[in-house]
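Contents: one structure, followed by commentary.
Order of the sequence lines fixes the chain letters, A, B, ..., with proteins taken first and strands second; residue numbering starts at 1 for each chain.
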Amino acid sequence: MAALVNIQDLRVAFSGVPVLRGVDLALQKGEAVGLVGESGSGKSVTWLSALGLLPRQATVTGSVRLDGRELLGAPASELDQVRGGRIAMIFQDPASALNPVLTIRKQLCEALALHRDLQGNAVKAEARRLLDLVGIPDAGRRLEAYPHEFSGGQVQRIMIAMALAGNPDVLIADEPTTALDATIQAQILELLSSIRREFAMAMVLISHDLGVVAENCDRVAVMYAGRIVEQAPANQLFADPVHPYAQGLIGALPPLDGPRRRLTAIPGTVPDPAKMPDGCAFAPRCAMAAEACNLAAPPLAPIANDRVVACIRAEASRRALLGIAAE
Amino acid sequence: MSPPLVEVSAISRSYSMRSGMFGRATAVHAVDGVSLTIPKGETLGLVGESGSGKSTTGRIVLGLEPPDRGEVRFDGKPMAAPGTPAWRAQRARMQMIFQDPLGALDRRLPVATQIREPLDIHGIGTPAMRDERVRELLRAVELTPAHGARYPGALSGGQRQRIVLARALATNPDFLVCDEPVSALDVSIQAQVVNLLCDLQAQLSLTLLFISHDLRVVRQISNIVAVMYLGRIVEIGSADDLFARPEHPYTQALVSASPAPGRRSAGRIVLAGDPPNPAARPQGCAFHPRCPRAIARCASEVPALSTLSGDRQVACHLVTGAQARDAA
């Protein structure tokens with residue numbers, strides 16, 4: 001099956017400092033893919049660059065194809081059709097994404113006018129339907145309200161309604177619940193998954209929270225220092241992480257039940273993008289690192305069906321595990 | 001159980017808030033009748049969503065803010081009046097760590113100078129001893145003297161939080177209030193700081209009040225956990241037991257909302273309604289408008305915190321046992 005979105009060797013540098021160092025990611029129709037990683041790992045930059053949303057000093061190379069059409073370097077008129085129309089995006093801080101001096105109706109209708117052939121009352125009716133859909137009570141009256149009259153969870157619902165205005169094929173949700181309280185986070189995640197089912201929409205969930213990604217995605221990619229280091233079906237990744245960084249991330253998460261154990265912290269910190277190590281970027285923090293790790297950055301290599309890992313040591317341990325080391 | 005170091009009895013604190021320039025002032029009950037006991041050398045975790053009053057409770061316990069009603073006793077004695085020498089002596093024994101280490105540090109001073117400041121203020125040791133103490137504190141938080149010469153801007157988030165921790169430990173306090181100390185840190189760094197806090201607590205037999213919205217981190221570090229909702233404690237119990245068998249419907253929803261790797265969202269309790277507003281607290285049990293199990297009594301009568309079994313206390317009309325005790 002041809003991928004809906006296909007990202008190949010995507011690289012981004014800010015004023016000559018590389019922040020994204022070759023990302024390959026494919027997104028199928030209707031699929032939910034999670035991107036996890038710590039701050040600065042390039043999760044957000046991947047999609048901002050794919051949609052041409054980065055400032056001028058960023059140099060972007062590689063290829064991002066939507067249904068086979070190249071997006072990188074595409075003319076603005078074409079990108080305007082894609083952004084909001086085919087691929088919509090919601091962000092961590094919904095309050096700053098809305099205009100505080102315009103009513104919700106004005107802002108929703110603006111998005112509808114841009115992406116749909118609707119006129120007059122039909123626009124307003126559609127705006128109301130969208131608010132209803134995302135669970136804002138009393139939608140007809142609330143359309144005339146301003147953003148500050150809504151709570152944080154409701155503002156995120158409105159952002160989701162705006163993202164749905166263009167009937168997108170893909171929703172990029174960048175830390176959509178990070179600023180919200182636990183019980184409100186549960187509401188928003190529930191809303192996202194029901195909308196996704198209803199519209200058969202693909203979703204990319206960007207989050208630093210492994211639990212959020214594990215529960216809401218089919219497939220997960222773990223990013224570290226501008227690269228994907230492991231990609232696997234969600235249940236497999238959390239049951240059996242292969243890359244030492246993925247293992248470290250999962251080990252660093254305190255359990256909520258069962259016996260308490262000392263957390264396995266990853267020593268050190270993320271490398272400075274301007275002073276990236278020559279070999280594997282994780283090698284200086286890795287307990288498994290061997291000399292070969294410092295020579296060249298390992299490429300993503302398949303280890304099983306649907307699973308790829310960028311680690312030379314993991315491959316070795318995996319082979320030993322399968323008992324085919326002799327060959 | 002060791003004798004209590006901190007005893008909080010029925011503290012309340014309300015603020016007045018105006019809606020708009022000409023609006024009537026309304027009272028916001030940030031904390032309402034909270035009682036807590038923290039035994040020496042143990043950690044009490046305080047969890048709740050924003051607006052639940054957990055930070056205000058921390059500030060009152062430290063004496064940064066007086067309670068409207070109720071009393072805080074530290075080491076058997078009531079808190080001294082602010083500004084007196086007795087208060088200063090007591091304050092040296094209790095310290096606080098906040099969420100944002102960069103906001104808590106002066107960007108224009110080397111961090112070693114900032115770690116030394118409490119020693120200068122409280123006149124502890126000779127100048128030479130103070131320098132040695134700073135080196136010792138840096139080692140204690142797993143940093144080197146070279147880090148001490150740097151400015152906050154030249155350190156990573158995790159390193160900055162270690163500096164704040166070193167400074168808080170400078171006066172050899174008995175009691176530490178940590179308000180969301182790891183919430184701004186990445187997972188791998190968060191684990192480093194949590195491990196460090198656990199180690200230091202054991203080495204220095206510190207007593208901690210650990211405030212966080214993160215159930216996992218709270219469970220990891222605490223002996224006792226209290227759950228707050230709109231200024232009241234709704235459930236309290238041992239850390240091992242509370243999240244495994246939550247009794248209060250709110251605690252159950254919180255635990256269920258906490259995503260876990262390896263578990264799909266099937267069967268999650270999703271609460272209806274908005275997060276609670278402390279300025280418009282519902283009558284009766286504050287949680288009843290969002291509670292999936294609420295009955296008529298919940299809307300009229302505030303449930304008292306009553307002992308269920310062992311060290312578990314729950315404030316809910318529907319939890320049997322608590323009910324039985326009420327009737328008795």
Under 4.5 Å, heavy atom to heavy atom: which of residues 254-269 of chain A reach chain B? Give them by number, or say none.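 So the qualifying residues are A/P254, A/P255, A/L256, A/D257, A/G258, A/P259, A/R260, A/R261, A/R262, A/L263, A/A265, A/I266, A/P267, A/G268, A/T269.
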
Highest number of heavy-atom pairs under 4.5 Å with chain A: which of [options]?
{"options": "B/V193, B/L271, B/D214", "answer": "B/L271"}
{"options": "B/G157, B/S50, B/A244, B/C198", "answer": "B/S50"}
{"options": "B/I189, B/V218, B/D240", "answer": "B/D240"}
{"options": "B/A253, B/A239, B/S156, B/A191", "answer": "B/A191"}
{"options": "B/E142, B/R219, B/R290", "answer": "B/R219"}

By a 4.5 Å heavy-atom criterion (distance strictly below it), what part of B/V187 contacts chain A: side chain, backbone, both, or neither? both

Looking only at heavy atoms, which two atoms of B/E49 and A/I184 are closest? And how far apart? OE2-N, 4.3 Å

Minimum-distance pair of heavy atoms, taken over all atoms of B/S188 and A/A252: CA-CB, 4.2 Å

Measure distances from A/Q185 to the heavy atoms of chain B and classify the residue's part below 4.5 Å as side chain, backbone, both or neither. side chain

Side chain, backbone, both or neither of A/Q236 within contact of chain B (heavy atoms, under 4.5 Å): neither

Name the member of [options] that forms the most heavy-atom pairs with chain B at distances under 4.5 Å.
{"options": "A/L210, A/V270, A/L253", "result": "A/L253"}
{"options": "A/R285, A/Q187, A/H208", "result": "A/Q187"}
{"options": "A/L189, A/L237, A/D209, A/T183", "result": "A/T183"}

Find the distance between CD1 (B/I269) and CD (A/E190) and round it off to the nearest 0.5 Å. 12.0 Å

